[in-house]
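Letters A, B, ... are given to chains in the order of the sequence lines, protein chains preceding strands, and every chain is numbered from 1.
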Protein chains: 2
Amino acid sequence: MAGPSEHLLDALVAIVADRGLEGVSIRQVADRAGVSIGAVQHHFPTKNALLLAAMEHVSTRFRAELQQRLSAAPSPGGALRILALLLAGADGAPRASTVVWLSFAAHAAVDEQVAEVHRREWASLERFLADLVAAGAPHRTDPAGDAAALLALLDGLAVAVALEPQRMPPARAERLVDAWLAGLDAG
Amino acid sequence: MAGPSEHLLDALVAIVADRGLEGVSIRQVADRAGVSIGAVQHHFPTKNALLLAAMEHVSTRFRAELQQRLSAAPSPGGALRILALLLAGADGAPRASTVVWLSFAAHAAVDEQVAEVHRREWASLERFLADLVAAGAPHRTDPAGDAAALLALLDGLAVAVALEPQRMPPARAERLVDAWLAGLDAG
DNA sequence: TTGACGACAATACGATCGTATGGCTACGGT
DNA sequence: ACCGTAGCCATACGATCGTATTGTCGTCAA
């Protein structure tokens, strides 16, 4: 299932997770994957192509894991909570995932191709959240607005959980997410 | 008022704003500031020291601008809205500021010294927001929780405004902020 | 007057970077 | 049997990096 290309992409993601994007070099990726520089160059012509492929890779992985987790959701409301906790980096979501997308996001501010992938993913995420809101809380008048606010909240929480674990431990992030979801029905 | 050191820090911040942290090198900073490599080394012994000083520099600048903007606030509620719109990158806040702190945040995930400065600033921000909430909406039972949620929302909105201007134009961010603030009184 | 020192500039060093190049091996089609 | 090509490695090239070293001016205390 996992070819040599995916192995390289996993190596890159692992490097980003613990040394940041600045720690990524063709040589480091090759080392981590246990192959030569030439092998990396064979599968991806440039570093940029490797980076873009890695972004698509983490997106694909995320969608797969999401689908699996949501298969156990009893209702749209339950699915919304599962997705929210996952995105917020609350219990169950590894810090590494947040660090990776945070690194990509920062790079997106400077690289148009990376920005395009980021925009596509986040737009898709907002649509998905909006659908869950519309299905789980049909009385809401602006599910798209609710989804956009929720997505922003979750992004901010994820960063806080990853960078400030003592100010924002996962349990607090979970409480805040639940409070916001409760506001969906009340407010 | 602005000595040669501040000039170097401004140069670094300008580089981060339009090429990211990866565009920062001693040589680039020296070039942008119109001095030699040696001058940079004279004021800051290492690149890391320069980076840390730049973070403190943007913090100081931010506090100064904030204090100036808040001096025109009629009430705690008004001050809260001004600060929220500023942090969210809504109309009036430049994209560059968001890109700079986003870059620093991503770097904080990998550099403990940068992380410490980041934590200090964000903790201070949450406290300040909590005070404004407590003053402007005294009936709230958990102003610290409100502040933490608001701060996360604003961080997420700022990133969205900076990276996805068509999904999250400043006006939409402003509407979402206002909706959240309205929920302070209702929910 | 001299001499130390602060504020730079110029240059050098070793490391690492992305990428190009050329060769080797194994295999699949003709 | 043979040729091409996919897959991979070793190595080289030029650029850029952070930092160390050394020198050159002023200014100002003694």
Side-chain angles (χ1 to χ4, degrees), chain A residues 1-57 100 103-104 106-108 110-115 117, chain B residues 1-57 100 103-104 106-108 110-115 117:
Chain A
M1 199 216 275
S5 290
E6 282 82 6
H7 193 211
L8 293 177
L9 300 178
D10 285 337
L12 187 147
V13 170
I15 293 172
V16 172
D18 64 52
R19 297 192 215 281
L21 262 187
E22 60 186 279
V24 172
S25 76
I26 304 291
R27 275 164 250 258
Q28 294 291 321
V29 172
D31 274 6
R32 173 89 70 149
V35 299
S36 72
I37 299 175
V40 179
Q41 289 182 300
H42 177 72
H43 292 278
F44 304 96
T46 69
K47 184 184 179 180
N48 226 285
L50 177 60
L51 213 72
L52 268 299
M55 274 193 82
E56 304 284 357
H57 184 61
V100 168
S103 301
F104 280 143
H107 192 62
V110 151
D111 181 313
E112 186 48 39
Q113 298 182 51
V114 170
V117 177
Chain B
M1 201 216 276
S5 289
E6 281 82 6
H7 192 210
L8 292 177
L9 300 179
D10 284 336
L12 187 146
V13 171
I15 293 172
V16 172
D18 63 54
R19 296 191 214 283
L21 263 187
E22 59 186 280
V24 173
S25 74
I26 304 290
R27 275 162 250 256
Q28 294 290 322
V29 172
D31 274 6
R32 172 89 71 149
V35 299
S36 71
I37 298 176
V40 178
Q41 289 182 300
H42 177 71
H43 291 279
F44 303 96
T46 69
K47 184 185 180 181
N48 225 286
L50 177 61
L51 212 71
L52 268 300
M55 274 193 84
E56 303 284 357
H57 184 62
V100 169
S103 301
F104 281 142
H107 193 61
V110 152
D111 180 314
E112 186 49 38
Q113 297 181 50
V114 170
V117 177

Euclidean distance, atom [atom1] of residue [X] to atom [atom2] of [N] [Å, nearest integer]:
{"X": "B:Leu50", "N": "D:dT19", "atom1": "CG", "atom2": "P", "answer": "10 Å"}
{"X": "A:Asn48", "N": "C:dG18", "atom1": "CG", "atom2": "P", "answer": "11 Å"}
{"X": "A:Phe44", "N": "C:dA20", "atom1": "CZ", "atom2": "C1'", "answer": "19 Å"}
{"X": "A:Glu22", "N": "D:dT16", "atom1": "CD", "atom2": "P", "answer": "20 Å"}
{"X": "B:Leu21", "N": "D:dC17", "atom1": "CG", "atom2": "P", "answer": "14 Å"}
{"X": "A:Ile37", "N": "C:dT21", "atom1": "CD1", "atom2": "P", "answer": "16 Å"}
{"X": "B:Lys47", "N": "D:dT19", "atom1": "NZ", "atom2": "P", "answer": "8 Å"}
{"X": "B:His7", "N": "C:dC8", "atom1": "NE2", "atom2": "P", "answer": "12 Å"}

Any side-chain heavy atom of [X] sitting closer than 4.5 Å to one from [Y]?
{"X": "A:Lys47", "Y": "A:Val24", "value": "yes"}
{"X": "A:His57", "Y": "A:Asp10", "value": "yes"}
{"X": "A:Ile26", "Y": "A:Leu50", "value": "yes"}

Would you say [N] has OP1 or OP2 under 4.0 Å from some side-chain N or O of [X]?
{"X": "A:Ser25", "N": "C:dC17", "value": "yes"}
{"X": "B:His42", "N": "C:dA7", "value": "yes"}
{"X": "A:His43", "N": "D:dC8", "value": "yes"}

About how many Å separate CD of B:Glu22 and CD of A:Glu22, when rounded to the nearest 0.5 Å?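 It comes to 9.5 Å.
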
How far does CG of A:Leu12 sit from CG of A:Leu21, to the nearest 0.5 angstrom?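 Between atom CG of A:Leu12 and atom CG of A:Leu21 there are 7.5 Å.
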
Side chain of [X] only, please: which of [options] is the nearest?
{"X": "A:Ala39", "options": "D:dC9, D:dT19, C:dT21", "value": "D:dC9"}
{"X": "A:Ile26", "options": "C:dT11, C:dG18, D:dC8", "value": "C:dG18"}
{"X": "A:Gln41", "options": "C:dA9, C:dT19, D:dT19", "value": "C:dT19"}

Want to settle it: does B:Arg27 or A:Gly38 sit nearer the 5' end of DNA chain D, counting the closest nucleotide to each?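 The residue whose closest nucleotide sits nearer the 5' end is A:Gly38.
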
Quick one: label A:Val24 by what it contacts on the DNA or RNA (base, sugar-phosphate, nothing), any heavy atom closer than 4.0 Å.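 The answer is sugar-phosphate, as A:Val24 gets under 4.0 Å only of primed atoms, P, OP1 or OP2.
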
Starting from the 5' end of DNA chain C, give me the residue, B:Val40 or A:Thr46, whose nearest nucleotide shows up first.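 The 5'-side residue here is B:Val40.
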
Please determine if A:Asp111 and B:Arg19 form a salt bridge, counting it only when a charged side-chain N lies under 4.0 Å from a carboxylate O.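 Salt bridge absent between A:Asp111 and B:Arg19.
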
Given the rule that a pair is Watson-Crick or G-U wobble with both distances under 3.5 Å, how would you write DNA chain C in dot-bracket, using | for pairs to a different strand? ||||||||||||||||||||||||||||||

Which of these, B:Val117, B:Val13, B:Leu51, sits in a side chain to side chain contact (heavy atoms under 4.5 Å, CB included) with B:Phe104?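 With B:Phe104 as partner, side chain to side chain contact (heavy atoms under 4.5 Å, CB included) holds for just one option, B:Leu51.
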
